[in-house]
Structure formats: structure tokens, C-alpha cells
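What you are looking at is a predicted structure, and each value in this text was computed from that prediction instead of being measured.
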Amino acid sequence: EDPEELPGLRAAGDAAGAGGGAAAGEPPRVSMDAMAAQLLRDQFLLTALELHTELLESGRELPRLRDFFSNPGNFERQSGTPPAGGGLGGSVLGGAGGREPCSGQLNRAGSISTLDSLDFARYSDDGNRETDERVAVNECFLMLQFVPIASCPVAGHIEKNLSPCSFLLCGLVSLTPLKDFELWDDVGLNIPKPPDLLQLYRDFGNHHVTARDVVDVSVGVDDDELEAATPILGTVPVFETTPQSIEQCLIVQKLEDQISVLNNEKWSLMEQIQRLERYCKSLKLSPAFHQALLSFCRMSADSRLGSEVSRIADSEKSVMLMLGRCLPHIVPNVLLAKREELIPLILCTACLHPEPKERDQLLHILFNLIKRPDDEQRQMILTGCVAFARHVGPTRVEAELLPQCWEQINHKYPERRLLVAESCGALAPYLPKEIRSSLVLSMLQQMLMEDKADLVREAVIKSLGIIMGYIDDPDKYQQGFELLLSALGDPSERVVSATHQVFLPAYAAWTTELGNLQFHLIPTLLSKIEKLLREGEHGLDEHKLHMYLSALQSLIPSLFALVLQNAPFTSKAKLQGEVPQIEVTRFPRPASPLQDVAIIIGSREQLAVLLQLYNHQLEHEGTTGWETLLWVVNQLLPQLIEIVGKINVASTACVHEFSRFFWRLCRTFGKIFTNTKVKPQFQEILRLSEENIDSTAGNGVLTKATVPIYATGVLTCYIQEEDRKLLVGFLEDVMTMLSLSHAPLDSLKASFVELGANPAYHELLLTVLWYGVVHTSALVRCTAARMFELLVKGVHETLVAQRVVPALITLSSDPEISVRIATIPAFGTIMETVTQRELLERVKMQLASFLEDPQYQDQHSLHTEIIKTFGRVGPNAEPRFRDEFVIPHLHKLALVNNQQSVDSKRLDIATHLFEAYSALSCCFISEDLMVNHFLPGLKCLRIDMEHLSPEHEVSSKMQVESQISMSIAASLVSEDTKTKFLNKMGQLTTSGAMLANVFQRKK
């Protein structure tokens, strides 16, 4: 079949054959531009390139061809599929001399040089080519277009469909234009350098010849003219041009290169061996001589260390064995301060060593690594123990680590015992559960009972808390409760604090899980408190009361969490949409994270959702069917209120403890719960109304601790205006009812003391007292006057000047003498605590009016109150006030008492004078004041003692004690002053035996 002809060319040929000349009807001449366009359109690129070159050389360059071959995009493939011809370039050679169109555009290499941008001079033999320039694939391809195929030695037989680039890449020929590439890297192809023609010729017989059809490219023949003959001389084997065949060529070449290198090395080694043999023959030295010669190299392979050094470990196992042998010798020689650096090495070896005995020795070294490990060193050892436990598992922890702890449970150094106690807690999660609830629990119990170091017992308590978090044996509940009571009663404050922070919350969580919180733990603690109160009628054990009550207080968060988790709305508590925020002050600050309600519940978001539903339930739906909350309302609160009524109101510590308990309970359960469940129960008990006033017996419950605990523990939980008004009204009612019923004021005083400790309530308390100042009843006004004494010490001087003193001045002019007398202790307290000169002068003037006004000359109660006040505040009062006012007026009162005709009143005044002088005797008193007022006052007191009947036991005792006081007072002044005073009074002697008896009684 004739090769495809170009349109126009065929017409020109036919015309030539028919007519032989232009005259015989020659067709119109085809333009070069149209011819170039047809060639490019039909993808006859090589022909177009040849045409372009000839036109370029003849100076008739076509813009179309120039633009085409200078555009790199015309040589890119549209896909990764190679052309049908299998070549790397664009065109392939035709079977009969013609050229078949390429299936795609030419590959584009990293360099984008094209024909018109090539510098052909740099590829010539005499060109000054730069050594570091690289020739890209496109340049190589374009160069191939100028290669005269017939000039190749084997050009007569190339594969029919093999493109020039593929032909070169397969390594079949080494074309002339490539001979200048002495360095294959200059070509820019990422493949090994193909073998040269000579090598191919030598290896011809070693290759498999693929029987393929070949054709002479210099003549065009039909397919049926092909001959499948055996290659003759000049014919070279042709490889398949698939990517696999190219890769095989490269692998073969690589292996042959390696063989060549190895052969060269072999001959080099043989030459070295021969040289060494010749050298040894020339030495002619005996082996014994060599051995003796080498003995001068100082080596020690016979010792233990030498043996280890000369034997290099060649596997992981041998390394572990070597470390196991060497570490016991290394550790003692490392400085104590740096031994923790060995912990990773010891632990790694102990984990991986195959011998149990060696592992035991290494762990023994770990626990004895540091004689007295400090806190940081113990933490490092514990970290290592936990890492060891994670790696080896529970069985080996029990078998290998626990024995080390047991061995050191009674170590003489507390730091080592501390390490044991901390290890028990740190290893708890990695131990078998049976061991946790048996051996480890017993170890900790023994250390809690026997160890004398507070730090060790504190660590024991924390580890017990961790054990309680992992224990799951209900039979150990009672043992845990006994440990809890022991921990709460520990004499060390550190141990008790750790109990509240760790052990108690963890035990409460386990108790809740078992269902025992409301049915055993809390009821048992309440029963112990009630037993204390029953047995403590003649002396309450306040320490144990504090112990049990503080435990109950620490259980409040767990109790509230239980109420939330068992509420009717719990199933509705879903985290959907925007979660409401919890106020920062919604809950009291927890003693530890384990007492944080949010952590007990699970998250702050979940708690927020539950709180919202909780408040809605209490406010709108009630508590029906809510068993856990009903237990709190119907059983816990009534029992607590009953216990509060049995407390001694004079015990400030107990009142404070129960006040704090109720405050935390109310703040935790919320304002709605407090207003609807707690306050009504207290109000029912107190029954504050005028009908309950009994002038003879009084309202008994108002005199008990119920009043201060309700006032300070419940009514102070929330501080909105309505809450403050409720508190003010309650205190006013209590003051009124106690005054009108002539009941003791201890409960009201306890309330003022507890509230007065917080400056935020000073204004509120002053408001309550002013209510009493202006009350119509003198009894209430008298009570208000006495309550000022309690408030003055904690109130700021500004409030004293603006609110307290004006109120007292008002009361000091009250029509009732009892009200005026009731102000004296408060005036005295002001003299003791205030420093403002003007304020002190006002108080001094008021007291002077009581002492010097004739209307008070026969007021025995007023004089008694003043003397008692002087004795109480004199030692702490301002020195000038004491020297100029207190001591001189005591002297005057003593002189007046000598003239008292009623012995009972005289003895009463003398007794209080003696107490006042005893208190003032410890103060610094000037010589003049001593001679002129202090000692003369004592002389008057002695006269009173002598006048009173000596057979009365009390009088005799007071006479002896007055003599001792005068002797002490006399010793505070100079010897001359003492002599003068003794000469005036006469000698006062007291036998040594009498003094001893007096001091013994005073003890």
C-alpha cells in the first residue's frame, strides 16, 4: 500500500507524470505556509521540523513554524499514556519510510529549551561548555532530529516502531551528538547511564535475543516483504521498549557494575595478602616472642571489671545481663545527691532482666538507693515504680514491688517509711483487687496505728483514700469506718486535714455506691454526737464533738450530690443547648477538689443542668417521692435541731462549730431549700411571740444554743436586704423576750460574739442595740447597755465614736439607776480599747460623774461595778488614765469602805478591791503613785480584813492573800520606798509554810 501523500503534493506529482512540464496544465503552486500548516495539523512534526530548519538556513523563516517550535506547550502530553509507538518523543518512524502521527504531544522536561533557543555551539567539540550545566530531555529530543540515522553503525536494523529517544534510552546505540556528554549527569535524565556500544557488543552473546521483525529503515517495503531471519553481522539484539524492559536493562547494568567493582576489590585484596605474606616471612619472629611483646600492653582481663570491659554485649539480652551484674557495683560509688540519675537505668534493667533473683536485687537497690530521700527524690522513685507497674502488670507488681515495701515498713528513717506509705497509694491502681483490699489495706492500717511520725501517717491517710477509690469488697466497709474514726481522732492536725481532704471524700463515695451514706455513715456520726452530749453533762469532750461534727460537715457535698442523682428529674438532665452558668458563690469553697460537688457529679455543666431542675422542682413541684431529700427534711434536720438544743450555750467553740455546719448545709442545698425547709423547723421550735413570755421561768429554748446557731448559721447564709431584715428582727425579738422574762442573756451574747467577729455585721448589730436603747422597757434598755460591752472590742473607732458612745451617754442619763449602772462595763471597755484622746476624755468625765456625784454615794451596786471594771480594764488601759484616774479612785473607794457599817457590803467591796489591786500589781507604777495611792489603798484594805471576823474562813483567806499582794507590790518599788511603807504599816510577815499552802491552793 502506498504511503500516505500530502494533499497538493500528490496533484503535483500526477501532473508532472502526465505532462512532464508546466505547459501541460501545471496546477497552482502551494504556499510554504499552507504546507507547514498541513504538516502541523497532521502531526508530521519531524517533517515540519526539517522544513523549518531548511527554511531557516535559507533565510526564509516561517512565523507559523517558528511560533510552533518555540512554544513548549506543543510538546506536552495530554495524559500519562505513552504513544502507540512506545517512544519517549513525539514522532515515530514509519514502516515504509513514511512517518506516522504521534498519539500525543511531546513530554516536557524540566528545561524548556526549544529549537530556536538552543545554543548548538555548546554541544560542539570546540565549544566552551560549562561543566555544571544540564541538558534537558526536550533539548536531547530536538538534537535527535539532526542525527543522520544512516551514520550509526547499527542504523540498518532498528525496531520498526521505536522512536529515536527510546532507541537511545534502551542503550542500543551511542549517537554522535551525545558523545560530548562525558558526564551522564549532564544529560539530565533520572536513569542510569546506558552502556556504550563496545560493551553491548562484548555482552552480545550473554543476552537473550527476542525474535522480532526488523526492517531496514533506509528503504520502504511492504509488510509482506519482511523477513524474520537470524540476525547477521551488523545486526544487534533489540530489546522490548516497554517500561519493564527498560527497568530490566538498568538492573542488569547495575549488577554488572557491582561485579566489576568486586572483581577489582578481589584483586586488590589478593595483592595485599601477598605483600603481608612476604612481610611475615621476612620477620622470622616466634609466637612466644610476639606474646611476650604484647604483654607490655597493660590490660586487665582477669578482674571482674576487666572481664566486663573485654566482653562487649552483642544483643539486648546480654546488655540486660551486663547491667544486672554491674549496677550493684556502680550504685555505692555514686554521690548520694546524684543517685536519682540511676533510677531509669535500674528500672529498665529490672523490667527486662530475665532472672527473678537479679530483678529482686535491683528493686531492692531502688528502694535503698538514697539513705533519706527528700520529697523530690521520693517523687522520682514513685514515678519509676508506677512506670514499672504499667510495664510488668499486676502479677509482677505483687510479687516483686510489694515485698520491697513490706521490708521497709518499720525502717528507722521516717523518709523511708514515708516512701512505703506513698508507694501503697501510687501502686493501688496496678495491683490485683484482692491484694488491695487485704495486704495493702493491712499495711496501711498498721502504719496508721503504730507510726509516730506525723508525715508518715499523713501519707498513710492519703494512700488509704486512694485505696478506698479502688476497693470493691463490701466486707471491708466496717474496717474502713474504723480507720476513718482513728484518722479523725489523730492528734496531728496534718493527719486530720488529710483525712478531710482525701480519705473521707473517697470513703463517702464508696459508701454512696454501697447505699450506706444515709443509712449508716451519717446516722452513726449523729449517734456518737448524741452520746457525747448525754455523757457530757458535767464536762463535754469538745474535741470529740468537733471531730464528729467536722466529719458531718465534710459529708455535706456528697449528701447533696446523692440528692441530685436520685431526684425525680435526673432522667431529664440532658446536656442540650446553652448550659446555664453556676454562680461563683453558689457553693461554699470546698476543702479539696474531692469535696467539689461538680467533681462528684462529673462535670460543672452537668451540675448546672441538675441545679436548674432542682430549683424548679422545689419551687413548683415539691418533694413527693423524692426519698433522698425527704430523708434530709424529715430525719436529718429534726435530729440536728434537737442536738443543737442540748449544747451548752457558753461553749463558744461548740456554738461556732454548729453554726458553720448549718451555714454550709444551707448554702449547699440552696436558698429555696433554706427558706422552705430549714427556717420553718427552727421557727417552730423557737416560737417567737409575746404569748410565750413567762416572767418567772422564761422561754427555755431561747436560752439555749438554738438561738445563736439559728441566727449565725441559718439567717446569715444569704445577705440580701430581706435576709438582713429577718436577722435584725429575730435578734430584737430575742433581746426583748429574754429581758422581759428576766432570763439569762447567754444565748444573745453568744449570737453577738459570733456575729461580731465579722465586721460586715457591725452596723446590723448596732441597729439591734439602738432598738434596745429607745425601748420603752427599762429591762430591754438595761440589756442593750450590757450588750455594748461585747461589741466595743471589735468595732472600728469611728463607729464607736459615732454610734456607741452617743448611745451609752443616752443610757447613762436614764431615769432607771439600773440602766445607768449597766453602762459602766461598756465605758470601761472603751477606755481599754480606744486611743482617741477626745473620746477617752468623754468617757472619763462620765465615769467621774458616777464616782463624784453625791446622788451615787450610797449606790453599793454602782461602786461594785466600777471596782470590777477598774480591775478588768486597768492593766490594759492607757497608762495616763490608769495613773491619774483608776488608782487614785480605788484609793478613795478603799477609804470609804473603811467607814462602811454593813459588814456584808464592806466584805463585798473589799473582795472586789483585792481583785483590782491584784490585777494592777503587775503594772509599772511610779514611786510617787505607789507611796501616795497604791500602798495606802492596800493599807485600807488590810484594815477591812482585820475588822472582819477572823474566824470566817473566807475572811482569813482573803487576809493572807492581801498580805501576799502587798508584799508583791512592795517588791516592785525601790528599797527606800519599801522601808518607808513598812515603817508606816508595821512589819507584815508570813511564814514559808503558809505561803506554800496559799500557792498550792492557787494552783
Side-chain angles (χ1 to χ4, degrees), residues 785 788-809 811-812 820-821 823-853 856 862-897 909 912-941 965-966 968-974 976-978 980-981:
F788 273 112
E789 178 190 355
L790 298 175
L791 197 57
V792 166
K793 287 188 178 181
V795 174
H796 194 271
E797 286 191 11
T798 304
L799 280 177
V800 173
Q802 295 175 353
R803 302 284 299 275
V804 177
V805 172
L808 289 173
I809 296 296
L811 292 172
S812 65
R820 284 176 264 169
I821 294 173
T823 63
I824 293 174
F827 279 124
T829 304
I830 292 174
M831 299 298 298
E832 184 181 15
T833 58
V834 173
T835 59
Q836 292 183 22
R837 175 66 58 183
E838 182 182 351
L839 201 57
L840 290 174
E841 288 298 326
R842 291 178 65 186
V843 173
K844 182 179 175 181
M845 289 174 58
Q846 184 60 48
L847 290 175
S849 70
F850 287 146
L851 290 168
E852 298 169 3
D853 194 327
Y856 300 121
L862 184 143
H863 293 157
T864 302
E865 196 67 50
I866 287 180
I867 294 171
K868 287 165 57 178
T869 300
F870 281 174
R872 176 173 58 83
V873 305
N876 300 318
E878 198 264 333
R880 184 179 174 184
F881 171 73
R882 181 176 64 236
D883 295 345
E884 296 179 0
F885 189 81
V886 174
I887 294 178
H889 279 92
L890 282 176
H891 182 199
K892 290 180 181 180
L893 290 168
L895 285 171
V896 172
N897 199 49
I909 294 292
H912 289 103
L913 281 172
F914 173 76
E915 296 293 339
Y917 274 112
S918 298
L920 291 170
S921 65
C922 63
C923 302
F924 174 79
I925 302 173
S926 67
E927 186 173 335
D928 291 340
L929 190 65
M930 180 68 71
V931 172
N932 296 327
H933 293 292
F934 194 83
L935 295 180
L938 287 176
K939 182 180 179 181
C940 295
L941 182 59
S965 298
M966 286 187 290
I968 294 171
S971 67
L972 298 175
V973 299
S974 64
D976 293 339
T977 305
K978 186 194 304 183
K980 292 178 186 177
F981 172 70

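Taken from CZ in Phe850 to CZ in Arg820, the straight-line distance is 7.5 Å, to the nearest 0.5 Å. One finds the CD1 atom of Ile830 at 9.0 Å from the CG atom of Leu847 (value rounded to the nearest 0.5 Å). In this structure, CZ on Phe885 lies 4.5 Å from CZ on Phe870, to the nearest 0.5 angstrom. Of the inter-residue distances, the one linking Asp883 atom CG with Ser926 atom OG reads 6.0 Å to the nearest 0.5 angstrom. Of the inter-residue distances, the one linking Ile866 atom CD1 with Leu893 atom CG reads 7.0 Å to the nearest 0.5 angstrom. For the atom pair CD1 of Ile887 and CZ of Arg882, the computed distance is 6.5 Å after rounding to the nearest 0.5 Å.
Residues Val792 and Phe827 are not in side-chain contact: their nearest non-hydrogen atoms beyond the backbone lie 4.5 Å or more apart. With a 4.5 Å cut-off on side-chain heavy atoms, Thr823 and Phe788 do not count as touching.
In this structure, Ala826 and Ala785 approach most closely via the heavy-atom pair CB-O, 4.1 Å. Pairing each heavy atom of Gly828 with each of Val873, the nearest pair is O-CG1, 3.4 Å. In terms of heavy-atom proximity, Leu840 sits nearest to Val834 at CD2-O, 3.6 Å. Of all heavy-atom pairs between Thr864 and His912, the closest is CG2-CE1, 3.4 Å. For the pair Thr833 and Glu797, the tightest heavy-atom approach, listed with the atom from each and the gap, is O-OE2, 4.1 Å.
Residue pairs meeting the side chain to side chain donor-acceptor pair (under 3.5 Å) criterion with at least one partner in residues 866-875, sequence neighbours excluded, are Thr829-Arg872.
Although no hydrogens or angles enter the test, the distance criterion places no donor-acceptor pair under 3.5 Å between the side chain of His933 and the main chain of Leu929. A distance-only check finds no donor-acceptor pair linking the side chain of Glu878 to the backbone of Thr835 [under 3.5 Å].
Arg803 pairs by the salt bridge (Lys or Arg N to Asp or Glu O under 4.0 Å) definition with Glu763, not counting sequence neighbours. Residues forming a side chain to side chain contact (heavy atoms under 4.5 Å, CB included) with Ala877 (at least two apart in sequence, or on another chain): Phe881. Residues forming a side chain to side chain contact (heavy atoms under 4.5 Å, CB included) with Pro875 (at least two apart in sequence, or on another chain): Ala919, Leu920, Cys923. Residues satisfying the side chain to side chain donor-acceptor pair (under 3.5 Å) test with Asn932, not counting sequence neighbours, are none. For the side chain to side chain donor-acceptor pair (under 3.5 Å) test, no residue two or more places apart in sequence or in another chain qualifies with Arg837.
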Exercise. Can you list the steps and then say if Val805 with Arg842 is a side chain to side chain contact (heavy atoms under 4.5 Å, CB included)?
Worked result: CA-CA 9 Å; Val805 172; Arg842 291 178 65 186; 3.7 Å; yes
For this session: Could you go through the side chain to side chain contact (heavy atoms under 4.5 Å, CB included) check for Lys844 and Glu884 one step at a time?
Result: CA-CA 10 Å; Lys844 182 179 175 181; Glu884 296 179 0; 3.9 Å; yes
Exercise. Going through the checks in order, is the side chain to side chain contact (heavy atoms under 4.5 Å, CB included) test met by Glu832 and Lys793?
Worked result: CA-CA 9 Å; Glu832 184 181 15; Lys793 287 188 178 181; 4.2 Å; yes
Problem set entry | Leu799 and Val804: CA distance, side-chain angles, deciding distance, side chain to side chain contact (heavy atoms under 4.5 Å, CB included) verdict | CA-CA 7 Å; Leu799 280 177; Val804 177; 5.6 Å; no
